[in-house]
Each structure stands twice: as C-alpha cells, then as structure tokens.
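Structure first, commentary second.
In what follows, every chain begins at residue 1, and chains take the letters A, B, ... in the order their sequences are listed.
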Amino acid sequence: MEVYFQVITDAETLNSACEKLSQFESLGFDTETTQLDPFEGIIRLVQLSNGVETQVIDLKPFMEKGELKTLPELAPLRDLLANPKIEKIAHNAKFDAKWVKHHLGVDVGGFFDTMLASQLIAAGDQDRRHSLAEVASFFLGQELDKSQQVSDWSAAELSQSQVEYAARDAATMLPLREKVWEKLKSDELDKTARLEFECVAPVAAMEQNGFYLDRGRWLEQLEKVKKMQAKLADELQDMLSAGVAQASLFGRAEINLDSQAQVTDALKNLGVPVPESTRGWQLQPLANEYPVIAKLLEYRSVAKGLTSFGENILEFIKPQTGRIHADFRLIGAPTGRFSCSNPNLQQIPHGEEYRRAFIAPEGKKLVIADYSQIELRILADFSGDENFINAFNAGADFHAMAAAQVFNVQPEDVTSEQRSFAKRLNFGVVYGIGASRFAMMTGVSQNEAENIMRRYFGTYRKLDAWLREAGGKVLRERLSRTASGRMMRFRFDETDGKAIAGARRNGMNFPIQGTSADILKRSLRLLHDSIAGTSAKLVNIVHDEIIVECDANEAELTCKKLEKAMCDAGEEIVKKVPIKVDAKIADEWVK
DNA sequence: GTGAAGGGCCAC
DNA sequence: AAACGTGGCCCTTCAC
C-alpha cells in the first residue's frame, strides 16, 4: 500500500498541519513509543491521517525544547487531540490514550476503537483474534507487516521503513473504520460500540492513576496469614498421615498438600469417600462428617490467599508512583465485563486482612460505591414479574421479602433457613441453577430441592417464563443481546445435550450479566465527565463497584457525584424497580 | 528448562 | 440428562 505522508519536526509545519487536519470529522490516530509503559518510556511519534495524507509528528525535537505537556508549540496538537468533535480512530485506543495523557497532558476526546469494535462483532467467538494485523486482514483483506512495531523508536534518526510503517498504520485506520462501522451498523452494535468507546478515556485514566496499596500494612497482615497457614498445614499433615501405615514407624509421612493426587490418595486411605473432583463445592457437604475435609478446605483457602495475593503483589507497586497500575481489558468477557490482570484487582479476597491494606494516602479519602443487587434488579425489570418487583419496592431486606413470598409467611416470621434458601436461589437463577446444584449447596435432598424450586418459580411465574424464553431463544436464534444491544453468538452441536444445556444457561445469564456491564460502563463515562477538573480519580472497578480517590475536603461532593453517575446510568435502563447504590467515604477498602 | 493442561480458588 | 455464569492466577503434572 502506497501512503502519502510527511514527517513533521518543527512548530510551523505542525501548526498548519493541525489546522488542515481539524477540518476532518475523523482521523486515523496512532502513536509509536519506546516502551509499553508510559511511566518507563517516551512517546516518539504521533500519527494522524485523514485517509489521503498522513502526518507523522516526531516529538523528539520538541522534547528538547521543554515539557511536552506545556510547550506552546504543541498547543495545536493538544487541542486537536482533545477536541471531542474530531473522532480519533485507533486500534486499542486505551494504549494511545494513556501515553498522550501522560506525556502530552491531554484527555483525548472522541475515540473510535477498531479493536473494541472487532471484539463486539466477534460476539463471543473466542477463536477470533483482535490484533491490528488480524483485524485489518479480516475486514480489509490487507496484510500488515508489523515487524517494525518493536523496532528502536528512541533512535536519533528513524529509518525510512520505521516512518513508513508508522504512517501506514495510521492511514489504515480510516478504511478500516468504514468497514468496521458498516458491520457494527448491520449487526446493530453501534450503540454498544459508542458505550465502549466512551469508556476508553476513563479506563486509561484509571490505569494511570493506579490504586494505592500500603506496603507495610500488607506485610503486617501477611504475617498473620502465614502463621495461620503454617498451623493449618501442620494440623492437616497430622490428620492426613493418620491413615498411612508408615506414619507410626517412621514418623509422619509428609505429603505435598498442594498436590491434588497426593491429597486424594491420603483421603482415600482415611476412608473418606472422595468425589470425582475435590473442588470446594463438592467437598463441602463432607466437611461436617469428616473434620479432615473441613481442615483441607480451610487450608486451601488460606494457601490461595498467600500464593495469589502474598508478597508477589508488592512487585506490582511502581516505584515512580508507589501505586499499583493494573491492566484492565474493556471487553474482558463476551458479556462486556472487564477483566483485570497484573495484578487482578478484581479478585482481592474480601477478608479484611487483605483489603485493609488498600488505603487512602495522606490527605485523601476513598469513595466506594456499589450497586445493590444490580443483576436481580435487571432480571426484575426484564421479566416484569410483579412479585419480584414488589420484593424490591418493599425496601428493607430483599432476600427476606422473597422468602416470605416463596414460603408464604409474614416477613417477620421468615426463618434464617428460609431466607438462606431464597438468597441462594435469587443468586442461582441468574446462572441457570439446577435442582442438583441447589441441593448440593444447601444440603437438602434432591427431592426437597425440587420442591423449593417449584415454590420459587411458582411465586415468580413471569421470572420463570422470562428465563425459559431467554434460554429457548438462544436455541432457536443462536443469539442473545443485552440492553445496549451487545451481542453473543452461540455455536453448538444440536445432538450434544450438554452443549444445549450450556447454551440455555448462557442465554439466561448473558443478557443479565451483560446488561450489568452496560450499566457500569455508562456510569464510568458519566463519572469521568462529572469529576473532570477535580481532585477525584477513578482507581478501581469490580463489576458492580467503583472506587474513587479524592482530596479529603472533596469527599462529600465526590461521593454524591459517584452515586449520581451510577444511579443515572442504572435508571437509563432499569425502569420497573428502583436502582440502589450504596456509597460511602472511607480510609480503607472495606465494605 | 519451558509451556500447556488440569485442577483449584479468588472476585463479582 | 445434567449438574452455576464471567474472568485471572497459582500449583502440580507431564510432554517436549
């Protein structure tokens, strides 16, 4: 592909180029950087293309004149990037957003992200890949040579092939956008796409902000957990070796407690009826009868905490900021949920010994807000079930209200067992729970589980009908959608009963989990706009929870803004039941 | 040694 | 007949 481009190295050319570029509605946008992390490297090139001409802006000469963020010569570029009316088409825009924000001080307005678009179009097809090379090949039939991607972008003089590569990637974005947009429109994914694109800036900002973890407190808490683990390991060794003959002769036969095979053997020697899998939920019913099982589960939980969330996490604290800057994937799951890694801040154990180490730094506060029962409220809204809706409108204790309805007793007469049944079913229906699983987790017989579920769905007939229809629809149409229009396609073998059942459950779960993600994403955008220019910074999100850090004297106001953003986002979609957000100001990340 | 798969547990 | 959805990270085991 021939690309007409010019390399800009001086203020005058930059100024006139920006003036010309600002006539266009959308521009291909790309950056070349010396590293993957904005804290580590420099941003060398910014490329902007109108599809015909491509401007390759070399920032090196500007860096020598001073700080890029404030350099007057770069003002035209900063203004162009910030202008939300000019769409910036980028592939994995979060990457470019972070670099531009960090080094140019610009919150880029108006993204079109071809990677997110490709993910939406793939609609859950895990085989599809979403690198620029793959996406360009898929939509344009064009093979991109990415060999220069990792070349030396810090070189004094960039090679011809480097600048050509840089220009070509930016120039590709326009035709790619056309094809991708066509497909988004025809798949009716444009609304979801906009929702996603508007989240790029908030999430880029969040990653750059980082989440503060107090090293000293973390280590202090870890010591307690280590002691507990040592004690548990010792007790478990004793219990497990009781069944081994050699134990009495040669002392205790040490086994590797982390080895599935060894632990299973030891349990069998003790006469424990080991289920096929020793996963927690399969072992749980045995825990009462066999103390060794209870001990094993306790050990595994503590060991998990130590290995996954032990000292390792401290290595993620960036020396430049003293904070953790995790990677969030905007479309981490086909449902639209985020995923998070390095480290996964969405799976920090709930226990205080872990979360208490995430604190507000001196002079700051954390504002923590989460949606109350958002998935169940979505289900209530979708199904229109009057009884279910009433349980929410009654306020107070939703699970108890549900129990009162299901077991036909006065709310004040609900037993804790009845409330527990209702609560487990309330959560379970969202996943398409079956009687076997319900029996397993509650300890009641299969028969009784079926009876309780019959009562439950008898109480919530429209809920039942909606779930059946959602499951059935997937089998007929092989497609499911969320409130925003996010789509999941299903492929399964019609003769495979297991696959059919799986698809059915997905059909029930996808619209609910996905709509919850839609709502959260909408709230992120509203929040980003309402806290712009204040001390408030987004620092973490966990599916239905948002954490913001701000100056202590702005905490009250920030709390109101966060609550409002979340409620407004929820109310745009959920109409039949109230949206409830629990928001609070705290010094530590505890509920 | 390295990498993938299997099994397990953490979050929502 | 099947058995609860979405992720990431850790360990062991096993193949290369």
Original post:
DNA chain C: A:Gln126 or A:Asp258, which has the more 5' nearest nucleotide?
Top reply: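 Taking each residue's closest nucleotide, the earlier one in sequence belongs to A:Gln126.
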Subject >> ring-ring contact (aromatic ring centres under 6.0 Å, His included) against A:Phe490, all qualifying residues, sequence neighbours excluded >> reply: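 For A:Phe490, no residue satisfies ring-ring contact (aromatic ring centres under 6.0 Å, His included) once neighbours in sequence are set aside.
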Original post:
Between which nucleotides of DNA chain C, read 5' to 3', does contact with chain A run, using atoms under 4.0 Å from its heavy atoms?
Top reply: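 Reading along DNA chain C, I get C:dA2 to C:dT13.
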Name the atoms and distances for all side-chain donor-acceptor pairs under 3.5 Å in residues 333-341 of chain A, with sequence neighbours left out.
| residue | atom | partner | partner atom | Å |
| --- | --- | --- | --- | --- |
| A:Thr335 | OG1 | A:Arg337 | N | 3.4 |
| A:Thr335 | OG1 | A:Gln513 | OE1 | 2.9 |

**OP:** Write down the distance between CG (A:Asn256) and P (B:dG8), rounded to a whole number of angstrom.
**Re:**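 Distance check: A:Asn256 CG to B:dG8 P gives 14 Å.
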Original post:
Do any of residues 428-455 of chain A sit with a heavy atom less than 4.0 Å from DNA chain B, and if so which?
Top reply: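 Correct list: empty, so none.
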Original post:
Listed in order of residue number, which residues of residues 334-347 of chain A have a non-hydrogen atom at under 4.0 Å from DNA chain B?
Top reply: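 Here the set is A:Arg337, A:Gln346, A:Gln347.
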Using a heavy-atom distance cut-off of less than 4.0 Å, which residues of [range] contact DNA chain C?
{"range": "residues 471-495 of chain A", "value": "none"}
{"range": "residues 536-544 of chain A", "value": "none"}
{"range": "residues 297-315 of chain A", "value": "A:Lys304, A:Thr307, A:Ser308, A:Asn312"}

**OP:** Compute both the distance and the angle, then confirm whether A:Arg478 meets the cation-pi test with A:Phe492: under 6.0 Å from the six-membered ring centre, within 45 degrees of the axis.
**Re:**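 Yes, A:Arg478 sits over the ring of A:Phe492.
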**OP:** Take the angle between the ring planes of A:Trp466 and A:Phe382 and call it parallel below 30°, perpendicular above 60°, tilted in between.
**Re:**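 A:Trp466 vs A:Phe382 ring planes: tilted.
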Original post:
Hey, what's the ring geometry for A:Phe392 with A:Phe398, parallel, tilted or perpendicular (30° and 60° as the breaks)?
Top reply: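 The arrangement is parallel - the two ring planes meet at less than 30°.
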**OP:** State, to the nearest 10°, the angle formed by the axis through the first five base pairs of the helix from B:dG1-C:dC16 to B:dC12-C:dG5 and the axis through its last five.
**Re:**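 Between the first-five-pair axis and the last-five-pair axis there is 0°.
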Original post:
salt bridge (Lys or Arg N to Asp or Glu O under 4.0 Å) with A:Asp127: which residues, sequence neighbours excluded?
Top reply: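 Result, salt bridge (Lys or Arg N to Asp or Glu O under 4.0 Å) vs A:Asp127: A:Arg491.
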Original post:
Who passes salt bridge (Lys or Arg N to Asp or Glu O under 4.0 Å) against A:Arg355, sequence neighbours left out?
Top reply: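 Per chain and number, A:Arg355 pairs via salt bridge (Lys or Arg N to Asp or Glu O under 4.0 Å) with no residue.
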**OP:** Describe the nucleic acid contact of A:Arg424 in one word from base, sugar-phosphate, nothing, applying a heavy-atom distance below 4.0 Å.
**Re:**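 It contacts nothing in the nucleic acid.
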Using the 3.5 Å cut-off, write out each protein N or O paired with an N or O of nucleotides 4-6 of chain B and the distance between them.
none

